[in-house]
Amino acid sequence: MKTYEMLYVLDAAVSDEAKESFVAKFETIVTQNGGKVVSTDKWGVKKLAYPINYKSDGYYVLMTFEAESAVVKELDRVAGLTAEVLRRMITKK
C-alpha cells in the first residue's frame with residue numbers, strides 16, 4: 001500500500017454537522033476498501049485564491065491515508081459527484 005494525501009475544499013456555507021459527515025464519508029471509503037487513514041487535518045474556513053461557483057470561502061481538509069490505487073479512483077469519483085466539494089486533489093506522498 002502506498003501513502004496518499006487528499007486535499008479537498010468544501011463549501012463554507014454548509015453546516016458544521018454536514019462538514020463532519022463529509023469528512024467521515026471520505027474516511028469510511030478508505031477504511032471499507034482496505035485502506036488506513038493516517039491523519040485528518042481540518043484547516044477550517046479560508047479565503048479562496050479565486051471564486052469558485054461564485055463562492056469566495058472554502059473549508060479545507062487534508063486527509064493522509066494508505067491504500068491501493070483503486071481506492072484513490074473511488075475517492076476521486078465520489079468527491080467529483082458530491083456537489084459540496086468545490087475542489088479536490090489527491091497526490092502520492
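Side chains included, hydrogens not; waters and symmetry mates left out as well; all remaining heavy atoms used.
In terms of the side-chain hydrogen bond (donor to acceptor under 3.5 Å, both in side chains) criterion, Glu68 has no residue partners (sequence neighbours excluded). By the side-chain contact (heavy atoms from CB on, under 4.5 Å) test, Ser39 is found to be paired with Thr64, residues two or more places apart in sequence or in another chain being considered. Scanning for side-chain contact (heavy atoms from CB on, under 4.5 Å) contacts around Lys55 gives Asp11, Leu86, with sequence neighbours left out. For Lys36, the salt bridge (charged side-chain N to carboxylate O under 4.0 Å, His left out) test picks out no residue, with sequence neighbours left out. Residues meeting the ring pair (Phe, Tyr, Trp, His ring centres under 6.0 Å) test with Phe26, sequence neighbours left out: Tyr8.
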Worked check of side chain to side chain contact (heavy atoms under 4.5 Å, CB included) between Val30 and Met63: CA-CA 10 Å; Val30 173; Met63 179 175 69; 4.0 Å; yes
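Looking only at side-chain heavy atoms (C-beta outward), Leu10 and Val85 come within less than 4.5 Å of each other. Within the 4.5 Å cutoff, side-chain heavy atoms of Lys19 are placed close to those of Asp16.
For the residue pair Val45 and Ala12, the shortest heavy atom distance occurs at CG1-CB, 4.0 Å. Annotation for Thr40 and Val37: closest pair OG1-CG1, 3.7 Å, computed over non-hydrogen atoms. Of all non-hydrogen atoms in Glu66 and Val38, the two that sit nearest each other are CG-CG2, 3.9 Å. For the residue pair Ala67 and Gly35, the shortest heavy atom distance occurs at CB-CA, 4.1 Å. Here the closest heavy-atom approach between residue Asp57 and residue Leu48 is recorded as C-CG, 4.0 Å.
Pairs of residues two or more places apart, or lying in two chains, never qualify as ring-ring contact (aromatic ring centres under 6.0 Å, His included) while including a residue from residues 72-93. Sorted by first and then second residue, the pairs that involve residues 39-93 and meet ring-ring contact (aromatic ring centres under 6.0 Å, His included), not counting sequence neighbours, are Tyr4-Phe65. Every pair tested for ring-ring contact (aromatic ring centres under 6.0 Å, His included) that includes a residue from residues 73-93 fails, sequence neighbours excluded, so the list is empty. Listed by first and then second residue, the ring-ring contact (aromatic ring centres under 6.0 Å, His included) pairs involving residues 67-93 amount to none (not counting sequence neighbours). Applying the salt bridge (charged side-chain N to carboxylate O under 4.0 Å, His left out) definition to pairs two or more places apart or across chains, those involving residues 42-54 are Glu20-Lys42.
In this structure, NZ in Lys93 is found 16.0 Å from NZ in Lys2, a value given to the nearest 0.5 Å.
Clustering ILVMFWY residues whenever any of their side-chain heavy atoms sit less than 4.5 angstrom apart, transitively, puts Ile90 in the very cluster that holds Phe22. With hydrophobic clusters built from ILVMFWY side chains whose heavy atoms lie under 4.5 angstrom apart, Val61 shares a cluster with Val71.
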Which donor-acceptor pairs under 3.5 Å do side chains of residues 74-81 form with protein atoms, sequence neighbours excluded?
| from | atom 1 | to | atom 2 | distance (Å) |
| --- | --- | --- | --- | --- |
| Glu74 | OE1 | Arg77 | NE | 3.2 |
| Glu74 | OE2 | Arg77 | NH2 | 2.9 |
| Asp76 | OD1 | Arg88 | NE | 2.8 |
| Asp76 | OD1 | Arg88 | NH2 | 3.4 |

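Here Met1 sits alone; no ILVMFWY side chain lies under 4.5 Å from its own, so it joins no hydrophobic cluster.
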